[in-house]
Every structure is written in C-alpha cells, then in structure tokens.
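Below is one structure; the comments refer to it alone.
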Amino acid sequence: MQSARALAQDIRDGKTTAVAAIERSLDRIKQLEPSLSAFNTVIAERALDRARALDAAGASTGPLHGVPIAIKDNMCTTGVPTTASSKILAGFVPPYNATVVERLEQAGAIIVGKTNLDEFAMGSSTENSALGPSKNPWDVTRTPGGSSGGSAVAVASRMVPLALGSDTGGSIRQPAGLCGITGLKPTYGRVSRYGLLAFASSLDQIGPFTITADDAALVFSVIGGFDAHDSTSSAEPMPDLTSALNGDVTGLRIGVPRAFLGDGVDAPILGAYDAALATLSARGATLVDIDLPHAGYGIPVYYLICTAEASSNLARYDGVRYGHRTKLEKEDGLLQMYERTRDEGFGPEVKRRIMLGTYVLSAGYYDAYYLKAQQVRTLLRQDYDRAFERVDLIATPTTPTPAFKLGEKTSDPVQMYLNDIFTVSANLTGLPSISIPCGFAESREPGAGSRLPIGLQLTGRAFDEATLLRAADAYQRDTAFHLEEPRVG
Ligand code: GLN
C-alpha cells in the first residue's frame with residue numbers, strides 16, 4: 001500500500017482522485033471486516049460525499065488531501081455515534097468534533113469510520129469491547145492487542161493507511177507492536193485531548209497508527225500543537241519534522257536497560273530486539289547500558305493511578321447526560337436510576353476499575369495506595385531524567401510476547417495487565433514513545449499464527465518527538481518489516 005504522503009501527493013497531482021481513494025478503502029473494509037471486526041461504524045456515504053467535494057473543489061486542502069483515515073471510537077465526531085465500545089453510550093451522537101478530528105479534516109483527511117476498542121480504552125486486547133473483539137490480521141484466532149485494537153487492525157490489514165488511537169498505558173504502541181505497524185504516543189500535552197472521552201487524564205494521549213515513521217511524522221505534525229480548548233495542552237512549539245527525518249543517527253546514544261528486560265520476555269522478542277539494536281548501531285548509533293531501577297514498579301503504579309482517575313472521570317455517565325438510561329419503574333427514585341443505569345451500561349472490566357479506583361482514593365487507603373503510587377511515579381520519572389543525561393533514546397521491546405490467543409488472558413486480569421510492562425512507563429513519565437516493526441516470531445508449522453509481528457519501542461525526551469521519529473525512520477530505511485502485509489484468512 002502507498003504511504004499517506006504519497007497518496008495525498010498523487011491526488012494533488014491528478015494521478016488519482018479522492019473518490020477513488022475512498023472507494024478502494026471502502027471495498028477493502030467490505031471484504032475484510034467480516035473476518036476482522038475493526039470498525040464500530042463505517043460512514044461510507046459521508047466519506048464519499050466529502051471526497052466528491054474535495055475532487056470538485058480541485059484545490060489542495062492540505063498535506064492529507066483525500067487520504068482515508070479511521071478514528072478510534074472514543075473521539076468525538078459531529079453527527080457520528082461515539083460509543084467508546086460501551087453500552088452506556090448507546091445512542092450518543094456528539095454535537096462537536098474532537099480537536100484532532102477538526103485538524104485532520106482541515107488537512108484534507110477523510111474519515112471512513114470509527115474503530116473498535118476495549119470499553120473506555122480499558123484493556124490490552126479489545127476483548128473488553130461491548131461489541132465483541134477485533135481479530136489480528138496475522139492470525140484471526142489471536143488478539144490485535146488493545147485498547148486501540150480496531151485502529152491497529154484497520155491499518156495492518158491495509159483498509160486505511162492511517163488511523164488514530166489513544167494511549168493511556170500503551171494502547172497505541174502495544175497493538176501497533178502486535179499487528180506489525182508503526183504507532184506513536186506523543187509527549188503528554190502535545191496533542192489536544194479536547195473531545196477524547198477521558199479515561200485517566202494524567203496519562204491519556206492521542207497519536208497515529210501508520211505504516212511508516214514518515215507518515216507518523218506527517219499525522220503528528222497535523223494534529224500536534226497548542227489548543228486553547230484543552231487546559232493541559234502545551235504551548236511548546238512543534239518541531240520541523242521535514243528536516244528532522246534525514247536518516248542520520250550518527251552519534252545518537254541509545255540506552256539499553258538490560259536488567260529491566262529480565263525474565264518473562266519471549267526468546268524471539270529478545271532476538272529481534274538485539275538485531276534491531278545492531279541495525280541502529282551499524283547506522284552509527286551508540287548503544288549505552290542504562291539502569292531504570294523503578295521501572296519494575298510500573299504496572300502496580302499505573303493500575304493504581306489509572307483506576308483512581310477512571311473512577312472520577314466515569315462518574316459523569318449517570319443516565320442523565322449521555323447515552324443509556326435504565327427503564328424506569330414508577331417507584332424508582334434518582335438513586336435507583338443511577339445505579340441500574342451504571343450496572344446495565346458498564347461492562348465487568350470498567351466496573352472492576354471504578355471499584356478499585358474508588359477504593360484507592362478512599363479515606364484511610366489514599367495514603368497507602370494512591371499517594372504512594374504518585375511518589376513511586378516521581379522516582380520513575382527521576383530514573384528517566386538520569387538516563388537522559390547519558391542517552392538520547394531508550395530502547396525496549398514493545399511487549400514481552402507476540403499476539404496472544406483470544407480468550408487466553410480474559411479470566412486473569414493480572415496476566416492481561418502484565419502485557420503492558422514496557423509501555424506504561426512512558427505514560428507515567430509523560431515521555432514520547434513509538435513502536436515500530438522489528439521482526440517476526442516464526443513457528444515451524446505453516447498456517448495461521450506461524451508469523452507474528454514483533455515491535456521495537458523507542459522512548460525519547462519530553463517534546464523531542466523529532467529524535468524519536470528520526471531514529472524510527474532511519475531504522476525503516478534499513479529494514480522492510482514495516483512493509484510486510486498479513487495475508488488475512
Ligand atoms: N492496557 C492498559 C489498560 O488496560 C492501557 C490501556 C490504554 O492505554 N488505554 O489500562
């Protein structure tokens with residue numbers, strides 16, 4: 001598949017049209033959606049209308065002129081249902097666009113649909129979606145990862161060249177890793193969250209799924225930058241990424257936290273990781289051993305903080321303001337209405353997190369859990385600050401294992417949580433981080449699951465997405481893993 005940059009250029013040059021690009025995307029969705037379940041909603045007519053309008057206007061609208069894009073279904077789109085894959089938002093149609101949606105459309109991108117996710121982005125496999133799971137295109141009996149699984153599937157199976165996800169503890173990078181595509185979580189505050197349904201506000205960040213690091217840079221430059229609608233949005237100027245992606249990694253110092261990789265990482269993952277480091281080093285980067293002594297606490301700290309924030313953020317779904325309301329009986333009071341609405345609307349994982357979060361914030365437990373977690377979060381940030389005095393980037397695998405089987409971890413939430421061991425640190429510290437394809441776990445038996453993608457994760461200094469993207473792009477100039485396509489079936 002063509003990159004988004006090249007497709008937009010071809011449409012601008014008159015070599016193809018926006019309508020043709022959208023039709024190709026819709027055909028592919030029609031063909032593959034029954035086996036992959038990537039989308040909650042496809043907005044074919046609306047996308048075609050917009051494409052016709054772009055073609056008729058003739059003039060270029062911007063760098064994504066006519067390019068189809070899929071949006072995770074937890075970002076508001078005017079007039080298009082936005083469900084967070086939750087029953088509680090059934091029937092909710094936002095009256096406004098998220099800032100990212102607004103900026104993408106201004107740049108000429110055309111939204112073809114809203115993608116599946118774990119309910120309210122809580123999960124690592126899309127199995128917590130009220131609409132059922134998405135399937136990994138490399139093996140449909142396996143999960144694509146989560147929570148932005150639908151967006152990852154849509155790009156990995158080439159239904160669209162671009163999609164947006166949100167990443168609270170790894171939900172862009174983990175599914176990108178498990179599906180063999182590129183996924184970027186920008187620095188906290190870099191991309192406006194206005195119109196993103198909040199999960200954990202000190203961790204949430206929006207970012208792109210793409211085939212190449214170059215396209216990730218393109219989308220990031222469109223959606224990034226200050227937004228007055230988001231009080232946590234940063235005024236830090238956006239970097240010039242055109243000159244940053246020059247293939248040059250000479251002298252770049254890449255930190256290798258060997259002790260943190262420890263046990264529990266599959267051998268093919270470590271093999272691909274070491275090979276990726278060798279590739280970067282052959283291009284001129286220097287590998288430096290580093291220590292992240294508190295990184296091992298990432299999972300408990302993350303699950304204390306994210307559940308605390310979720311319990312507060314999800315209080316707004318009460319049957320009054322949005323979506324689902326329980327059927328009222330004559331004798332029902334307000335309390336029964338709240339209780340039954342929330343009981344019917346939220347799935348088991350969301351309830352578990354609301355309860356856990358309420359518990360860790362309660363008087364008597366706050367100091368022991370929430371406050372302690374915040375203190376360890378500071379220690380973790382200090383680990384990274386110290387490391388970044390000596391290195392420019394830190395490399396780890398994205399996940400400890402390749403894509404796991406659907407159903408394999410659903411009965412044991414802690415096993416599911418452990419999948420995020422390498423991704424949560426970037427959210428707890430706010431740092432930018434990217435996952436890029438770096439190999440395959442191959443098994444000797446042919447057929448489904450015989451080749452499963454492996455991701456390399458690079459993490460950079462705050463607001464230094466330029467270095468992150470430069471290294472990712474340089475790596476992709478030397479390798480072809482990111483260009484491999486799954487044979488769906
Ligand atoms: N898997 C993590 C969780 O379940 C991260 C989710 C996310 O980044 N939205 O919370």
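Whatever order the structure lists them in is the order used to number ligands and atoms, beginning at 1.
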Going by the atom numbers of ligand 1, which of them fall below 4.0 Å from some non-hydrogen atom of [X]?
X    : result
F199 : 9 (N), 10 (O)
D167 : 8 (O)
G169 : 5 (C), 7 (C), 8 (O)

Inset, instruction - Indicate, with yes or no, if the rings of F92 and Y322 have centres closer together than 6.0 Å. - result: yes
Legend entry - Centroid separation Y302 to Y417 less than 6.0 Å: no
Got an N/O contact under 3.5 Å between [X] and ligand 1?
X    : value
A121 : yes
G123 : yes
C306 : no
S124 : yes

Inspect the contact between [Y] and [X] and indicate whether a charged nitrogen and a carboxylate oxygen are less than 4.0 angstrom apart.
X    : Y    : answer
R461 : D392 : yes
E484 : R451 : yes
R5   : D214 : yes

Determine whether the side chain, the backbone, both or neither of [X] has a heavy atom under 4.0 Å from any heavy atom of ligand 1.
X    : answer
T168 : both
Y302 : side chain
R353 : side chain

Inset, instruction - Check each of K72, R190, R173, R193 against D167 using the salt bridge (charged side-chain N to carboxylate O under 4.0 Å, His left out) test, and report the only one that passes. - result: R173
Looking only at protein heavy atoms, which one is nearest to [atom], and what is the separation?
atom                   : value
atom 3 (C) of ligand 1 : Y303 OH, 3.2 Å
atom 6 (C) of ligand 1 : S171 OG, 2.8 Å
atom 2 (C) of ligand 1 : D420 OD2, 3.0 Å

Inset, instruction - Please state whether the rings of Y194 and Y96 are parallel, tilted or perpendicular, taking 30° and 60° as the class boundaries. - result: tilted
Side-chain donor-acceptor pairs of residues 356-365 under 3.5 Å, sequence neighbours excluded:
from	atom 1	to	atom 2	distance (Å)
T358	OG1	I354	O	2.5
S362	OG	Y359	O	2.6

Legend entry - Within 45° cone of F404 ring axis and under 6.0 Å: K409 NZ or CZ: yes
